[in-house]
Asker: 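The structure that follows is given in the form of structure tokens.
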Amino acid sequence: MRHSIPYQIAHGLLPALLAVSAPAFAAKPAPKGATAVLAVLETTDLHSNVVGYDYFKLAAEPSIGLDRTASLIAQARSEYANTVLFDNGDTIQGNALADYQALVAPLRCEQTLGIYKVMNALKYDGASIGNHEFNYGLAYLSQVTGNRFKVDGVDQPKRCAGPAFPQVLANVYSVKTKQPLFEPYRIVEKKVGGTDAQGRKITATVKVGIIGFTPPTIMSWDKRWLEGKVYTTGVVEAAEKYVPEMRRKGADIVVAIAHGGLDASPYSPRMENAGWYLARVEGVDAMLLGHSHQLFPNATSSAPQFNLPGVDKAKGLVHGVPTVMANLWGKHLGLIALHLRADGKRWTIEKDKTRVEARAAQNADKSFVAPDPQVLALIKEEHEATIRYVKTPVGSSDFRMTTYFADVGDPSALQVVNQAQAAYVKKYVAANLPQYAKLPVLSMSAAFKSGNAGAFDFTDVPAGNLALNNAADLYLYPNALYAVKVDGAGLKAWLETSARRFNTIDPARTEPQELINASFPSYNFDTITDGAIGYEIDVTQPPGGRIRNLTLHGAPVDPAQEFIVATNNYRASGGGNFPGLDGSKTVLASPDTSREVLIAYVREVGKLTRAANGAARSWRFAPVKTAGPVVFHAAPGMLGLAEEAGLDNVRQLRADDGQGKGFALYAVDLAQ
């Protein structure tokens, strides 16, 4: 039976559990032969989803939220007398609540960030720092984490309120001091209950060393905030430096909290997902992963990163190291039950008895565990203020803007973003960059929400009045608007990389073929929505050879033709590894976010219409007759939206695709 934290308090359970998990520095060493079980709990990629609520749709969303994870935490603590709770990062950014506290009504120094207030109440033992922690800049990160960063340009006159638990990060350094930005590791002493060799109950201390890592690629993704202020080292290099030091200082076990996934490509100090190599570093006993928004262990996962040599996706092992990744947004709680045995000097792990699992907030009958009402009570003021803010009107629309069918050509939620970006850049070029005045200005945008977190996770802005929450739905991230100068060859290479969104389709196959390459995120599927540009994507060809008939005003694009392309700081600075986009081609680094630009554009236009703002398609699939169906997944019952967008080649095959995630199965006829 699963109970929330209030249940535990009401029945006298929680205080006893917290007493067991409190630090105890005077406990005697465990006698030789003693055993204990320590459950290491993980949350990851919460992205400020403190409660199960969708601020874009202004509706409750039971499949997400730390309030439900809190109930899973309470359940785990009731099952395991000894627990430690850690967060993997990407905690303070990701929804309207986060933006409200960072940008709209910034916290005062003495205030604690909403999600940290809740994590304090849940008695987290530690956390690492994800890449999205850097999205609001170093000054904000310094403030809300209660740190005083010694970096140029960040003046933090005093230590502000931060979380009550340690935050560790071993591979990001201050340029000014050559020292880690955060403490690289912490040894957390936990009082645990166990039994001695004769079966008698004992109390002893386990020294749990935690070390944190973030993707070194933050230097590209948030270059505008980080360049010249911090630098990174490789994940493996940082582990090899500090793990031996942690052991020398008495750590019984070392838990690597690595904000990244697994990748068996040749190792590089800039590797984004270095967990596969990190597991091979001597002294790492357990890994908590994140960043990839995936579930591990998961015996049925088709994610390439979990089908690598040395990875046991059923047992949750990477090169024999127990490893967990708890999905995203509070949908799961990671749990590694470490069986410990004392050798007279320190605790060691009995690997054959250790178990790994990821516990879902959704039950087998499709219901969800009850949320802990104390979580909402803690952030009620911030939650309600965010709702009031996002209801601010900005304009209206005569059509519904969605991303359910963006992968097959619907531009309804993308064109207005591209129009806003292009208009901003054109105005800037005219006023400040006369040398580029004659170059065509294009814009690239992508569907940020495309079902990754479930069938609800699509942009869906109804026709009618538009408010700030709708703009946030159309543009999810607080990216800055950038512009780059590329030639025709570079433009084609950009589109070729975007076209990796699709699997290679064999026209002769009679069985169903999946259109979408699930390992290529939708936010990297950049598209143009401009009547001046046309191109085809031939999904029967391998990646790199799919863009056909690229034209400008009906004429083939000259490889030497130059363009100014509006995009965001992530892409312009190297995010997604697009050829040639490494920061060197940037001609505009705007202080304004793409969302702010979008809001200003909608206010200026006033009323959006499908004809003017939601119908321009620059790309089509190259026509090909396939022997069997080409299928994709989206929310059920949305076929009418495809038809409204002019996608007459789409049909719904089944209202339930059978995967248990609420999706319907659709087919697209590539011959039409």
Asker: Taking only residues at least two apart or on different chains, which pairs with a member in residues 53-63 satisfy salt bridge (Lys or Arg N to Asp or Glu O under 4.0 Å)?
Answerer: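 As it turns out, the salt bridge (Lys or Arg N to Asp or Glu O under 4.0 Å) pairs with a partner in residues 53-63, which skip direct neighbours, are Asp54-Lys57.
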Asker: I'd like to know if the side chain of Gln101 reaches the main chain of Gly114, judged simply by a donor and an acceptor atom lying under 3.5 Å from each other, with no hydrogens or angles considered.
Answerer: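 Between the backbone of Gly114 and the side chain of Gln101 there is a qualifying donor-acceptor contact (under 3.5 Å).
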Asker: Sub-3.5 Å donor-acceptor pair from the side chain of His47 to the main-chain atoms of Gln93, do we have one?
Answerer: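 Indeed, once roles are kept as given, a pair shorter than 3.5 Å links the two residues.
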Asker: Taking the side chain as everything from C-beta on, heavy atoms only, tell me whether Thr91 gets closer than 4.5 Å to Tyr116.
Answerer: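 Yes, at least one pair of side-chain atoms sits under 4.5 Å.
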Asker: Identify the heavy atoms of Gly130 and Thr214 that sit nearest to each other, and give their distance.
Answerer: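 So the two residues come closest at C-OG1, 3.2 Å.
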Asker: Under the 3.5 angstrom rule, does the side chain of Thr459 hit a backbone N or O of Thr403 as a donor-acceptor pair?
Answerer: no
Asker: Using a 3.5 Å distance criterion without hydrogens, assess whether the side chain of Thr205 forms a donor-acceptor pair with backbone atoms of Glu189.
Answerer: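 Not confirmed, Thr205 side chain does not pair with Glu189 backbone.
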Asker: Tell me, please, which residues at least two apart from Arg280 pass side chain to side chain donor-acceptor pair (under 3.5 Å).
Answerer: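 Expected list: His319.
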Asker: Atom OG1 of Thr44 and atom CG of Leu288: how far apart are they, to the nearest 0.5 Å?
Answerer: 8.5 Å
Asker: Yes or no on side-chain hydrogen bond (donor to acceptor under 3.5 Å, both in side chains) for Asn452 and Ser450, after CA distance, side-chain angles and deciding distance?
Answerer: CA-CA 6 Å; Asn452 185 53; Ser450 194; over 6 Å; no
Asker: Mind checking what makes ring-ring contact (aromatic ring centres under 6.0 Å, His included) contact with Phe182, not counting sequence neighbours?
Answerer: Phe149
Asker: Do the side chains of Arg501 and Asn517 get nearer than 4.5 Å, heavy atoms only?
Answerer: no
Asker: For a 4.5 angstrom cut-off between non-hydrogen side-chain atoms, does Ser48 reach Tyr55?
Answerer: no
Asker: If I compare all heavy atoms of Val235 with all of Pro216, which pair ends up nearest, and what's the gap?
Answerer: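 So the minimum-distance heavy-atom pair works out to CG2-CD, 4.4 Å.
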Asker: Check whether any side-chain heavy atom of Asn131 sits under 4.5 Å from a side-chain heavy atom of Thr217, and report yes or no.
Answerer: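 Side chain of Asn131 against side chain of Thr217, heavy atoms only: no contact under 4.5 Å found.
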Asker: Using side chain to side chain donor-acceptor pair (under 3.5 Å) as the criterion, list what pairs up with Arg355, not counting sequence neighbours.
Answerer: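 Counting only residues at least two positions away or on another chain, Arg355 forms no side chain to side chain donor-acceptor pair (under 3.5 Å).
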Asker: Can you tell me if Thr354 uses its side chain to pair, donor with acceptor, with the backbone of Glu350 under 3.5 Å?
Answerer: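 Answer holds: yes.
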Asker: What residues, two or more places apart in sequence or in another chain, satisfy ring-ring contact (aromatic ring centres under 6.0 Å, His included) together with Phe134?
Answerer: none
Asker: Can you tell if the side chain of Tyr140 reaches within under 4.5 Å of the side chain of Asn135, non-hydrogen atoms only?
Answerer: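 A side-chain contact under 4.5 Å is absent here.
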Asker: Is there a side-chain contact between Trp347 and Leu338 in this structure, where contact means two heavy atoms from C-beta onward sitting under 4.5 Å apart?
Answerer: no
Asker: How far does CZ of Arg359 sit from CG of Leu72, to the nearest 0.5 angstrom?
Answerer: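 With rounding to 0.5 Å, CZ (Arg359) is 8.0 Å from CG (Leu72).
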Asker: Tell me whether the rings of Tyr389 and Tyr100 are parallel (<30°), tilted (30 to 60°) or perpendicular (>60°).
Answerer: tilted
Asker: Exactly one of Asp473, Asp460, Asp407 should register a salt bridge (Lys or Arg N to Asp or Glu O under 4.0 Å) with Lys449. Which one does?
Answerer: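 Going through the options one by one, the only one that passes is Asp473.
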Asker: Taking ring-ring contact (aromatic ring centres under 6.0 Å, His included) as the test, write out the residues that go with Phe663, two or more places apart.
Answerer: none
Asker: Report yes if the side chains of Tyr53 and Leu58 come closer than 4.5 Å at any heavy-atom pair, otherwise no.
Answerer: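 Counting from C-beta outward, Tyr53 and Leu58 do come under 4.5 Å.
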Asker: Mind listing the closest non-hydrogen atom pair of Tyr404 and Ala635 along with its distance?
Answerer: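 Smallest interatomic distance, heavy atoms only, reads CE2-CB, 3.6 Å.
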Asker: Test salt bridge (Lys or Arg N to Asp or Glu O under 4.0 Å) on Lys241 and Glu245 and set out the steps.
Answerer: CA-CA 7 Å; Lys241 176 178 180 179; Glu245 184 176 311; over 6 Å; no
Asker: Using the test side chain to side chain donor-acceptor pair (under 3.5 Å), find all partners of Ser367 that sit at least two apart in sequence or belong to another chain.
Answerer: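 Ser367: side chain to side chain donor-acceptor pair (under 3.5 Å) contacts with Asn363, Asp365.
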Asker: Is the backbone N or O of Ser128 less than 3.5 Å from a side-chain atom of Asn88, with the two atoms forming a donor-acceptor pair by type?
Answerer: no
Asker: Using the test side chain to side chain donor-acceptor pair (under 3.5 Å), find all partners of Asn524 that sit at least two apart in sequence or belong to another chain.
Answerer: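 Asn524 satisfies side chain to side chain donor-acceptor pair (under 3.5 Å) with Arg571 only.
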Asker: Could you note down all residue pairs passing salt bridge (Lys or Arg N to Asp or Glu O under 4.0 Å) where residues 283-301 supplies at least one of them, sequence neighbours left out?
Answerer: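 Qualifying pairs: Arg247-Asp285.
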Asker: Among Val84, Thr348, Leu340, which residue meets the side chain to side chain contact (heavy atoms under 4.5 Å, CB included) test with Ile253?
Answerer: Leu340
Asker: My understanding is that only residues two or more places apart in sequence, or in another chain, count here; which of them pass ring-ring contact (aromatic ring centres under 6.0 Å, His included) with His291?
Answerer: Trp221, His259
Asker: CZ of Arg186 to CD1 of Ile211: how many Å apart, nearest 0.5 Å?
Answerer: 13.5 Å
Asker: Could you tabulate the donor-acceptor pairs under 3.5 Å formed by side-chain atoms of residues 321-330, not counting sequence neighbours?
Answerer:
from	atom 1	to	atom 2	distance (Å)
Thr323	OG1	Val321	O	2.9
Asn327	ND2	His332	ND1	3.3

Asker: Consider ring-ring contact (aromatic ring centres under 6.0 Å, His included). Of Tyr523, Phe56, Phe448, which one does Tyr475 pass it with?
Answerer: Phe448
Asker: Could you walk me through whether Gln305 and Ser292 pass the side-chain hydrogen bond (donor to acceptor under 3.5 Å, both in side chains) test, one step at a time?
Answerer: CA-CA 10 Å; Gln305 66 174 300; Ser292 302; 3.3 Å; yes
Asker: Please check: side-chain N/O of Asp90 versus main-chain N/O of Asp45, any donor-acceptor pairing under 3.5 Å?
Answerer: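 Absent.
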Asker: Would you check if the side chain of Lys117 reaches a backbone N or O of Leu378 as a donor-acceptor pair within less than 3.5 Å?
Answerer: yes
Asker: With no hydrogens and no angle check, is any side-chain donor or acceptor of Asp125 less than 3.5 Å from a backbone partner on Phe86?
Answerer: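 Checked: no pair found.
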Asker: Heavy-atom count check: over 12 atoms from other residues, nucleotides or ligands less than 6.0 Å from Glu282 CD?
Answerer: no
Asker: Counting only N and O atoms by type, is there a donor-acceptor contact under 3.5 Å from the side chain of Ser142 to the main-chain atoms of Asn147?
Answerer: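 Yes; judged by distance alone, with no hydrogens or angles, the pair exists.
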Asker: Under the side-chain hydrogen bond (donor to acceptor under 3.5 Å, both in side chains) criterion, do Thr233 and Asn171 qualify, and how do the steps go?
Answerer: CA-CA 5 Å; Thr233 66; Asn171 68 319; 5.2 Å; no
Asker: Would a line drawn from the ring center of Phe525 to the ring center of Phe520 be shorter than 6.0 Å?
Answerer: no
Asker: Applying salt bridge (Lys or Arg N to Asp or Glu O under 4.0 Å) as the test, list every pair that has at least one member in residues 301-319; sequence neighbours left out.
Answerer: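 For residues 301-319: none.
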Asker: Asn120 versus Pro163: any side-chain heavy-atom pair under 4.5 Å?
Answerer: yes
